[in-house]
Each structure stands twice: as structure tokens, then as C-alpha cells.
**Student:** 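Please read through the structure below; I'll follow up with questions.
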Amino acid sequence: MAGGNGAATNGFASGGRQVTFLEAIRQAMFEEMERDPTVLLMGEDVGVYGGAFKTSEGLLERFGWERVIDTPISESAIIGAACGMSYVGLRPICEMQFIDFIVCAFNQITNFLAKGHYLWNAPAPIVIRGPSGGGVHGGPFHSANPEMYFVHTPGLKVIYPSTPYDAKGLLKAAVRDNNPVLFFEHKFLYRRIKGEVPAEDYTVPIGKSVVRREGRHLTILSYAAMMHASLEAADALAKEGIEAEVIDLRTLLPLDEESILSSVKKTNKCLVVHEDTKTGGIAGEIAALLCEKAFSDLDGPLVRVTALDTPVPYAPTLEEYFLPNAKKVFAAAKELARY
Amino acid sequence: MAGGNGAATNGFASGGRQVTFLEAIRQAMFEEMERDPTVLLMGEDVGVYGGAFKTSEGLLERFGWERVIDTPISESAIIGAACGMSYVGLRPICEMQFIDFIVCAFNQITNFLAKGHYLWNAPAPIVIRGPSGGGVHGGPFHSANPEMYFVHTPGLKVIYPSTPYDAKGLLKAAVRDNNPVLFFEHKFLYRRIKGEVPAEDYTVPIGKSVVRREGRHLTILSYAAMMHASLEAADALAKEGIEAEVIDLRTLLPLDEESILSSVKKTNKCLVVHEDTKTGGIAGEIAALLCEKAFSDLDGPLVRVTALDTPVPYAPTLEEYFLPNAKKVFAAAKELARY
Amino acid sequence: MGAAMKKSMPRELTRQQYLDLYYYMRLNRAVEETMVKLFRQNKIVGGLYSSLGQEAISVGTCYALEKKDWIAPMIRNIGALLVKGVPPRDIFMQHMAKYDSPTKGRDGTSHFGDLDNLHIVSPISMLGDLIPVMAGVAIGGRYLGQKIVAMTWIGDGGSSTGVFHEGLNFAAAQKAAFVLILENNLWAYSTPVGRQVPLENLADRATGYGMDSYIVDGNNVVAVYKTAREAVERARAGEGPILIEAKTFRRLGHAQHDPAEYVPKEMRAYWEARDPIALYEKFLTGEKLLDAPVKKEIDERLETLLEAEREFAENSPMPPPEFAEGGVYCTGDDCHKIQARWERPIAEVTPPKSSVKAVWTVPGFGSGKGSGGVDAAIHFGDAPAVMDKPANNGRSAKAAAKPAAKTAPKKAKAAAAGASRKARR
Amino acid sequence: MGAAMKKSMPRELTRQQYLDLYYYMRLNRAVEETMVKLFRQNKIVGGLYSSLGQEAISVGTCYALEKKDWIAPMIRNIGALLVKGVPPRDIFMQHMAKYDSPTKGRDGTSHFGDLDNLHIVSPISMLGDLIPVMAGVAIGGRYLGQKIVAMTWIGDGGSSTGVFHEGLNFAAAQKAAFVLILENNLWAYSTPVGRQVPLENLADRATGYGMDSYIVDGNNVVAVYKTAREAVERARAGEGPILIEAKTFRRLGHAQHDPAEYVPKEMRAYWEARDPIALYEKFLTGEKLLDAPVKKEIDERLETLLEAEREFAENSPMPPPEFAEGGVYCTGDDCHKIQARWERPIAEVTPPKSSVKAVWTVPGFGSGKGSGGVDAAIHFGDAPAVMDKPANNGRSAKAAAKPAAKTAPKKAKAAAAGASRKARR
Ligand SMILES: Cc1ncc(C[n+]2csc(CCOP(=O)(O)OP(=O)(O)O)c2C)c(N)n1
Ligand SMILES: Cc1ncc(C[n+]2csc(CCOP(=O)(O)OP(=O)(O)O)c2C)c(N)n1
Ligand SMILES: [Mg+2]
Ligand SMILES: [Mg+2]
């Protein structure tokens, strides 16, 4: 990992190879910063250390202190300063060391950042990203899935990818978007998931879901880590003759209503899987959408497979019980298919 | 308003008379503080001034500086300190000058307060209350309906009353509850609504809705200011032969599932009215509930009448367009009834 | 370091500057007086705040800025907006929520901004939020080579918010060209400063950030201006952020609805005798900078101006209801074209020039080497590197189920030459 | 006011106190060493933090408290927990997420508390949050007449959080009996203190709250203890909160996963030569307070204790999966009986004794009298008093539609005598 000269690629040469989810995110930031000098990165320990999870490893080396800023432990200041930077035409990426700490900047995000364009016509091209989600024994303060707080906040966009390809393409799209985008990175996937990413520049459109598996008996909607549990469940279901259509939502705000509705029109049954807690989770919003716009298409109740309505417990035995998983999805889907 | 002697009632003698919504809240605090010396009030300008809306007028006079605490402008400190006080056995009531500022204490509420009982068995009998809601030209930072942020947070209870009777009874119940309770006071109702409150001590149970009007053609679920719009709409609907059952949810977490389901079992149609923005609002949670537990009872789509998915605009013309109202409820209900 | 009551100021002002300060204070007051009339006529939407008696602060501080500098006003900084060049009609229309107002009725009061021309950031109601925002403007401006200074204001009460602390600390850690004016008007709504801030001088807040600070008589516009000018110059020169405590008094209630009966009569009387405009008129007259004809001319100029501005504002329509919809998102380049104004060579911040030597690393550093071994978690809460088996009852990923390299992502060989983006293609 | 490096302390310690400090530091280190072993055996769930080299701070400060006092530990304050009386097995079991641990596996590490006996508040991960919480404990304790002191710790990095500011300011405004130990170990994760806090001495943070502060050598347990004792006494005496900056160094990485290669070798070497236990042993030996036999006895005592505690902990089961459910809410008196421990006459805080003369009011104050007249809005955003007509297209309330009194709620006549609650019945 050489420094100090422009020939270095800092390990980012990625030409069409298998990379981890983590590496995909690192590449996206690297390439966007390379492409556009108005893109900066700010956060706790993002510089010298390369971020708690190494998503920004090598960035300081390449882009220097002015563009890779180690901040004090001040989440409100990070978001506030990013707003100010965006007003002079910059595109800051803000890392929350764990996404759990995003609540420390909740006022700045929901009031300052989210409302600016509507109220005074101020675009704020800011990405807020960080490791989220459970399954790695992070406990109650290092496992958050805070998406719904932001899905319920007009003015934000919310992304939660499940593959390296999407992570890279959506993060690049987020950086180029003129709106504040929250980008959640499921840390369970960081180094467990590998996938192909193209050698050339590409983006994945914000607001579009993708069908991960086609099917006709029921629709499973999911995202992030639960996407993989859903696919695993779908494999098992197939062995029992149940063909589930599995859709990866990818973007939670705005929701890809069209694709959801057209899949449910076909399968007539819908199951939503999210790792977030149940009450007030996104399955509710999807239920309302289906009730409003696909009521007559539904041949069975909308089913939710979610985490329990508790904090994320620490002990592995408890966390496993708390979280949804492929078995739970399988069981619920089987019952729904038989409805 | 005499001070300095125990004979004074500071205007709180209420024996079975009509009082405003605001006065009902004031009485609840007064009576609870009178009943239990572990009950304290903290907030910005709650002392000498009696609170920005005068909900605590006269309390300082009667209970003194130790129990009615004017705080610095530090919402996080207010909630944090309340946690500490509760650990030594006190029951603090925290006022947010406007409920909009509750997001400045979001971390303390969602992480410290909400999780304590589950994680380390620490009860925190704290009430957080303040003026919420729109319709009074408060604009984007003085009109918040933040209920869903907290309905989505296990460990909290969320109350949003619509009448003086409920406001008083529920606030008293909240003070006596061993859990953190968020108590939202719709400021549109403060001085517009009057109602009878009993002379004697009473509470209204948390977690129970109430049928405000019986009907058989459809169920309208609402709460707070929109409760009144819903009732007005129901009157108009009745004139067209549509009998709406109107349920006041009163408590949003925990939801009174039983009553909701039994009404929908009867009417087979459901409309949810909330002043909160649409996407991620509580109508979604209700939709999911109905889909899961009353799917076969539904004879028509679940319909949402809500605010727009924007910040609350300032100009009266815009705010009126933004908010739901009786006319919009009437129109949506009529369509649903005909479905 | 530490607060210093400036006794003498180095440079004197030109006559025009003296008169500008006078004019803007008068304009500030006149604009607010007009709004009080509008309020009494029920033409103002929402609350109406007043800076009566505090005009010297808004005017004196903002007057110390250059055109390219940035401000973010609080509710009592109408004077700063006027100095920055906002026409009174905009302020009137904002308060009346008119369609021609800067926010077209979507927001009110002094909540509006202008990114392109006047360099004004809109405040929000949550106190303190502007502090990190303006630090960010300063840091961003420095990055672009603009040599700008960012300024905002905060009250004695607002100085207790967490974001005040985070913002100032970050500004100081970054040595941002940022000047914060702390208007200590002795009250935060009904709460006297002593009950919320355990300090005699609020300038002491700066000490916690290693920041320099000044204390100035907020009712003396010349002192305010000179102090601000010095602070602005020092901030621009790269000395880091500076805090100025301006001592003053909130002459009216928190807003129009508040008769402020909690304020002791003697306190009010003391400060009413120290009206900043009256004091300054006396000074100007004594110094022969102002005489009756000039004053009369200003009186008339203000009257004519405000009459026209008010009329324009009143004639503006309310926004059409449907305007409530839309505008929440920037829809792309058709909506806004975001462009940074570079005033330094971009090459300075792009590789290879921006690259720094990685003196801090050791071989293998960061490639997933925790003390648990090469494949151990990088950080607590991390997963080990890609494995062959599902790690967690049913939570495994499909991709992970395939055999995959057991090590953390390895560094690729450095490409031959040229920018790495090129090299990767 | 201001930080002062205490040179000489008034009172000396007893032999037992000297040895206690030694024992607890040794225990602190031994407990953590045991956990490192458990970590290497993959028996620890989640991260493992270390206070290696910082033991003098946790031990010396907590030892200055009385039994009735309250603490809230941070991740590097295992020593404080031990001094407070937590058995090592609890700490082991917390880190292994066992069912017999204080949180029964629902939380881990030092995240546990004990409200009833030891008076420990559980931390959460969000830095700084404990500061207002412990201020609240102190204020609450004072209200109940308990004469307690509340103590917590914060890092150099954590001192930049907004809640640090809000908590200290509130504590100072309230003169709470609160002592904050700022452990300046020069690093916050990988970020050196100089890059995040623009201060030489972090004790200067206290100046912004008019608080007294001390600076102490955090590797000298006697100095730490004496300073803390003085601070605790002063806080208990009602002098208000006090901040102590303890200068030290984080000898290991942020947690076990972090080899901390960003730390300069010389810096590490400097501090390794200043190990607080080694230094103290030298001092004790020199003062003839410790000799080989006593030391051996302590060695053995620790070994036996930890062996038993570790074994107990390892034998504890993991929590049964279903235990994840439930417990989110207190279900009423069957779950917790909340009772305040009054140590003052309740009459002092209940009417009539608590009533204060309303010197601040004027007739009619607050009864809805804004500058717009008696029925005007009380506060911006308020509605006028009850009206006869719907105010807003369709938003009107049924109740409001009936004719109702046009005035704001009037005061009722004062009841004859006795407590008002009685009077109302
Ligand atoms: C975070 C936050 N909490 C509460 C409020 C409500 N509020 C608005 S102004 C004000 C008092 C402000 O006092 P100060 O900062 O001294 O400013 P001044 O009004 O004296 O100019 C309060 C409490 C707010 N705007 N923001
Ligand atoms: C609000 C918040 N932001 C970020 C973090 C992540 N984090 C945990 S410890 C740490 C560094 C803490 O440094 P310091 O306060 O100096 O304590 P030390 O580790 O040196 O004891 C960080 C950034 C956190 N816990 N809380
Ligand atoms: Mg003030
Ligand atoms: Mg540290």
C-alpha cells in the first residue's frame, strides 16, 4: 500500500472481480472521490484508521487530510457541518461509526437536513452511511436498524442494499444525488458476502427494487441481511413445490411501489421480512400500500416476519431468537402459501 | 392567585365543571404533585412563567423551586436528568416547550430511557409531554406530530388524547405508570376544547381506545385533533345514511388491538385518519394489524386520510391543504362506504 | 486567549461607515416597527420577535463582513439580514407568509436563505443548530480556497444546547474561519441567564474550546463593529474561530404575545436608558457626523422606503394551496445545478498532489488483523472474513455459501501508472 | 475556579487505605487479564475493552466515595465496579453474556447497574449520556435529603459530545453534588486528543460551566484518590459539581481487535515505564507499607478468588432463547415497587411549606393576556381561547361548536382551608 504518489491504486483496482460487500463500499467512495473533488468523507476514525470497519482504508492516503476528515465524537456537528459544506457546493459523505449513533444527530437530520429543500430551496447532497444491523453479537447499542425513523421523514432517501454490486452502485448513485441519502450497510454482510462488481463505472438507480428470484405462489419482500435469509427460505420452499418471488427492495424511501404491486398482482400473496422490530416497521407501510392499491389482488393476509419488539439482546442465544431467519421465513411462507 | 400559604388552591378547584383541554392538563399535574411528593416537573420556562402555554401556571407557587425546575435549553439534559431522578425513586414530568424539540433528546429517549427496563431491569417512571400538532400556523418547527418515532421504539408508551377528560385521566395514569410515557398534547385543542372533568380523582387506562360514536358501515380510527374532524365528518356522513363507527385510539403504543379488530369485524371497512405525515404513519401499522388478524373481515381497502408527505408549511393556505380535515375524511369515507 | 474587553480599537471608521451603521440600525428598528403594526392588524402569521435595543449587535457584527462572507441569522437578527442586502419587503413577506417571499410561504419569520447571491443560510427553530452548519460553511469555503468567513448568532439560552458545544469544538479543532456572536440579553424567554448558565461572562464558554473571545458592550455599535472586524480579520487570517459576547438586554417579551412581566422594572429602566440608537445619535451629533438635516433626510428615506416595501409585501398574494405539495426533493439538474466555486487549483486536492505518505501504517495494518489473528473481526461487532459455512442459524448468505477465499480482501498490485481510476479500466 | 495541579494534600491515608488501593488496582488488572484469556478462548461475547495502565483512576476515584454514593462506570472503569463491591463473577458473566449475569445476557460488558444496593447506574454505549443522568441522580438525591454524591467518567473523546455540555451545564446551574472524572488517555480510538479537542488541558472544559476543576496524574493512585476525596467532599458540601482531569494513556488498542499501530512507539514506551501499579508498588515498598510476604498473600488471594469467580462464571448457562421476549415494560407493582428513600421531612417539599410567594406575577399575568388582548394567544402557535365557530376549514371540534365562555380559564376562588386536594372534594 504505497503512499505519496499518484500511481498508487491503494488496492482499489477492481476490474470485474469478486469483492466483499465492504470492499464494494470502499471502492464506491474511492471512485467517487477520484471522479469528483467536491466529494469529501467525514467521520470518527475514518482517516488514519480507515474507519472502524476499514471501509475507508487507504482514502486518507490518496486524498489527504482536507478530504478525509477525522472528526471529534460529535455526530450533530458532523451532520451540521456537512450541511454547511453542501451549501458551498460540496458533497460530503458522513460516516456514523455505528449507525446506532445516528440518533445523536437526529434533530440535525430530520429538521435541518430533511426540510431544507422544501422550505428554502436548498439542496443538500449529503450521504450519511454506516454499519447497521444485528447478527454479530453487537448488542443493544451496536445493532440498530433505524430505517423507519427516516422512512417516516419526508425529504430523505433511504437505501439498504444486500449485495456488493448494489452497495457499490447505489452508494455511487447516492453520492451523485442532490438529496440527503441515508445509506445503511448491514455489517453482517461486510465480509461474509462476496459478489462480482463490474470494472467500469456504474450506478444502480435509487428507488428501484429488483427481483432476486421469480415465483408465482407468493411474493417475499425484503432487503439487506434478511434478503439472504429470504433467498435461502425460497430455496427450501421450492423443494416443497412453493415458488416464491423474492424482491429486494434496496431503496426504502421512495419505495418502488410499482414493482411491489405488480408482483403481488401476480402472486396474490405477500410476506414482508425485515430485521427491524415489528411495530412500526416497514411491513406496515407496505401493508397500507397493498390495502390501498392492491386490495382486490390479495388472496391471503399480509404476513410479517420481523425481529421481536424488544431492544437487540446481547447473548447469542437471545439474539438468535430475537432475529428473523430463513427458518422463520420458511415457516411463515409455507403457511401463507397454504392459506 | 395567592402564594405562600397552604389554603390556596391556585385556581385548581375543578369540581365537575367544564374545563379547557389545557386546564385539564394543568389539573392533572397539580393533583399528581399534590398526591405524591416524588412527582416533579422540569422544563424550559415551566416555573415562573408557568410554561409557554401556561400548562404549569401556579405550580411553582404551590410546590416550590425544588419541584418545579426551570431548566437550561438542554433537552438531552432534561431527559438524562429525569432518568437519574427516576433511579432514586422520583417521578419526573418533563416538558418539551414544543414537542418538536423532543428530537434534540432522541438518543436519550430511545436508547437510555426506552431500553433500561429490558436491559438492566431499571424502571423509569417518567412522563415526557408537550404541545404538538398543527393547525395553528406554527410552521415546520412548531407543529410536529412525532408519535411514530416513538411508536416504533419498544419500551415507550405513547398517548395522544383528544378530550379534557381523557387528557387529565391519561396524564394521571401516565404519572403513575412505572414506564416512560410520551404524552402529546395537541395545541389546537388547548383552548378550543372544553369538557367536563369529574371532581374526584380518576384515571383513564393506558392502552384502551374508546368508541366515540357507534356505527355499522365503516370504522374510522383516529386520535387527537383529527378525532374531532372525524366526528364532524361522521355527522355529515350520517346525513347521507352512512353510519360510521368512530374510535378514538387515545393510546398509540400499546395499540388497543382488540377494540380495533372487533369494530372492523362489525363494520368490515376501515379508514384511518391521522394528522401525521402519510408514509410510515400509524395507519400502516394498523393496516398490517388488520391484514394479519382481520384479513377475512375486510370488505374494502384500508383507506388513509393523512397529512401530505412534506414538512408542515407555514402559510395558512398551505397548511390547510397539507392537513387532513373533516371534508377530506368525509369524502374518503363516503367512497369507502360505497366500495 | 480568554475574554478581553477591548478598550481601544486600532483603526477609526470613515464618515460613511459611521453613517451606514446609523442607517442600518434605524432601518432595523423601522422594519420591526412596521411589523409590529402589521402584527396588530393580524397580518403577521405566527409569532413576531423583536430585537428592540439589540440592533447594534446585528448591524455592527454583520457590517464587519465582506460580500463574499456567509451569515445565518437568528430570530433577532433582522438587522444582519438588512446589512447583508435583503430588501425589507422580503422580511415583511416572510412574516406574512406571502407567495413572493423567499420561501414562498413554506416557512416564515427570518427562516430563509440565499445560497447563490447573498450567502445566507436559513435558520431553523432548534437553537444552536446553525453553529456546526456555519463551521461547515467555513471549512468548505477554505477547502475551495474562497477565504470566506462564516458568522452566526446565538443567545445566552441557546448556549446551553449540545450542538453549540459540538459545533464550536469542531470549528476550533478545524481552526475554521468562523465568528460566533453570543448575544447575552440576560433572558431566555422567562428564564434569567443566572438560572441557566452558571457564568458571569458567557465569553468563558470559549475557554472550553481553546477559542479566543471578546466581551463587548452590545449597545455600543462602534465597539461592536470594531470588535467584530478584528475577529473577522483574525478568523480570515486562519487564527481559528472566535466568540464575541455582546452584553445587552431583551427590551420586549420573548415574542409579541409575551408581556414579560417577570422582568424587574429597574432592570428594564436601566437598559431603556441605554438605547443603542439614542446613544449612537448622541455620539454622532457630538462628533459632528450627524446633524438635523442629515437626520431628517434619513427619516424621510426610511419612511418612503418602508412604505413602498410594505405595500409591495401586502399586495403579494398568499401562496396557492397546491403549492404545499412537491418540492420536498431536488429532482436533479433541472431543479438545481450544484456547483462549487473553486478559487484554488483543483489539482491541490486531487491525486497525486493530495496523496499523503502513509507514515502511520505498518505492513498489513488494517487488513483484518485484530489481535485474534488475520481473519479476526476488524472491529467489535464485525463478522469474521468470508467463511464456508452459514454462520448463524439460517442467516447465512447465498454468496457466502460458495467456497470463497478465506482471507480478507487483499490489496491488488499497484497499476503501472496514471490515475488509479484510469488504471482500473 | 480553574484547574489546579494539587501539589500537597492535607490528610494522609491509613495503612489499610493504602493497601486497599493497591489491592483494588491489582484486582482490576487481574480481572481484566482473566478476561483477555477468556477472549482468546472465544468465550467473550462482543468486544473486550481494557483499562491497562488506567487502573489508578477507576480505583482511586471510586475509593473516595461512600457506600451510599452513586456511580455509573464507562467501559474502562471495571476498577470502579470492583471498589463499589461488584464481585468479579458478575463482570465475567456480563462479558460472557451468561444467564446469571446482572443483565441475564440481555446486555454485556460493563453495561449493568444496581439501583437498590450498590447504587450503580448502567451505562449505554452512546458517550456522554451518563453525565446528565448522574446530575439527575445528584439532584434527586438532594431533593430526598440523602446527601449523596454522584460520580461518572468520560474520555477525552467523549468530552466532545453535546450531552457532555448539556449535562455539565445543568449540573452546574443546579449546583449538583456531582463529580466528573475526565480520563484523558490521549486517544479516542485512533484519533489523538489534539485532533479532536483544541485544548492542552481538558480540565479547561470546566471553565465553560463556571465549574471548579483539578488536573491530576492519573497514574498516581494516591494523588488521584486525594484529589477525588477533596472533590467529593466539596461536592457533598454543596459547592457544586467538580471536574477532575486525570492524565493517562490507553496502553492497549481501543478494544482487543485493535493493535493500535497508529500510536507512536516512543509514546507507548514513555507510558509503559509509568505503569501505575509498578509505581505504586515502589512507593509502598519504599514507605514500608508493602513487603514480600504481604505481596505474596495478595497474589495468592487474587489467584484463588479469580479462579473461583471465573469458574462460577464459566459454569453459568447461556440464557434460554425465550428470555429474549418480555421484560420491555414494567408491568406494575408486581414487577417493581418504586419507592424513594426520604431522608428529610416530606413536609418540607409539600404544600403549604413548599409554597413560595408569587412575587413575580402581576394581576392577570398568564391568563391569556398577550399583547393582542386578553383572549390572544398565550404563546406563538397557540390557539385563541374557546370560540363559537370552527376556526379552520373542517378542523373545528364538536365541543367547541357549542357556545362556550369566551375567556381563558378563570381562577376559582381559594377554598376555605386545608390542602387544596381535600378542598376540591
Ligand atoms: C432546542 C430548542 N429548545 C427550545 C426552544 C424554544 N425556545 C425558542 S427561543 C427560546 C429562548 C431563547 O433564549 P436565548 O437563546 O437567550 O435567545 P433570545 O430569545 O434571548 O434572543 C426557547 C427556549 C428552541 N427554539 N430550541
Ligand atoms: C456518541 C458516540 N459516538 C461514537 C461512539 C463510538 N465510540 C466508542 S468509544 C469511542 C472512542 C472513545 O474515546 P474516549 O472518549 O477518549 O474514551 P477511551 O476509549 O479513550 O477510554 C468511540 C468513537 C460512541 N460510543 N458514542
Ligand atoms: Mg437571551
Ligand atoms: Mg480517550
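Convention: sequence-line order gives letters A, B, ...; per-chain numbering from 1.
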**Student:** With distance as the sole criterion, is a donor-acceptor pair present between the side chains of A:Asp45 and D:Thr191 under 3.5 Å?
**Tutor:** yes
**Student:** Testing the 3.5 Å rule here: is there a donor-acceptor pair between the side chains of D:Tyr209 and D:His165?
**Tutor:** yes
**Student:** What part of D:Val328 gets within 4.5 angstrom of chain A, counting heavy atoms only: side chain, backbone, both, or neither?
**Tutor:** side chain
**Student:** Is the ring pair A:Phe21/A:Tyr190 parallel, tilted or perpendicular, if the boundaries are 30 and 60 degrees?
**Tutor:** tilted
**Student:** Heavy atoms only, distances under 4.5 angstrom: which of D:Val163, D:Val197, D:Thr161, D:Asp129 has the most pairs with chain A? Name it, please.
**Tutor:** D:Thr161
**Student:** Side chain, backbone, both or neither: which part of A:Ala52 has a heavy atom under 4.5 Å from chain D?
**Tutor:** both
**Student:** In terms of heavy-atom pairs under 4.5 Å with chain A, which of D:Ser190, D:Ala97, D:Ser159 leads?
**Tutor:** D:Ser190
**Student:** Given that the side chain runs from C-beta out, which part of A:Glu75 has a heavy atom under 4.5 Å from chain D: side chain, backbone, both or neither?
**Tutor:** neither
**Student:** Is there a donor-acceptor contact under 3.5 Å linking the side chains of D:Gln54 and D:Asn77?
**Tutor:** no
**Student:** Examine whether an atom of A:Asp100 lies under 4.5 Å from a heavy atom of chain D, and if so say whether it belongs to the side chain, the backbone or both; otherwise answer neither.
**Tutor:** both
**Student:** Can you say whether D:Lys98 sits under 4.5 Å from chain A via the side chain, the backbone, both, or neither, judging by heavy atoms?
**Tutor:** neither
**Student:** Side chain from CB out, backbone as N, CA, C, O: work out which of these in A:Thr310 comes under 4.5 Å of a heavy atom of chain D, or both, or neither.
**Tutor:** both
**Student:** Looking at A:Leu59, is its backbone amide N or carbonyl O close enough to the side chain of A:Ser56 to form a donor-acceptor pair, meaning the two atoms are under 3.5 Å apart?
**Tutor:** no
**Student:** So, the side chain of D:Ser160 versus the backbone of A:Ser74: is there a donor-acceptor pair under 3.5 Å, distance only?
**Tutor:** no
**Student:** Relative to chain A, which segment of D:Leu127 carries a heavy atom at a distance below 4.5 Å: side chain, backbone, both, or neither?
**Tutor:** side chain
**Student:** Starting from the C-alpha separation in whole Å, work towards a yes-or-no answer on side-chain hydrogen bond (donor to acceptor under 3.5 Å, both in side chains) for A:Thr55 and A:Arg129.
**Tutor:** CA-CA 11 Å; A:Thr55 43; A:Arg129 45 162 291 276; 3.0 Å; yes
**Student:** What part of D:His111 gets closer than 4.5 Å to chain A, counting heavy atoms only: side chain, backbone, both or neither?
**Tutor:** side chain
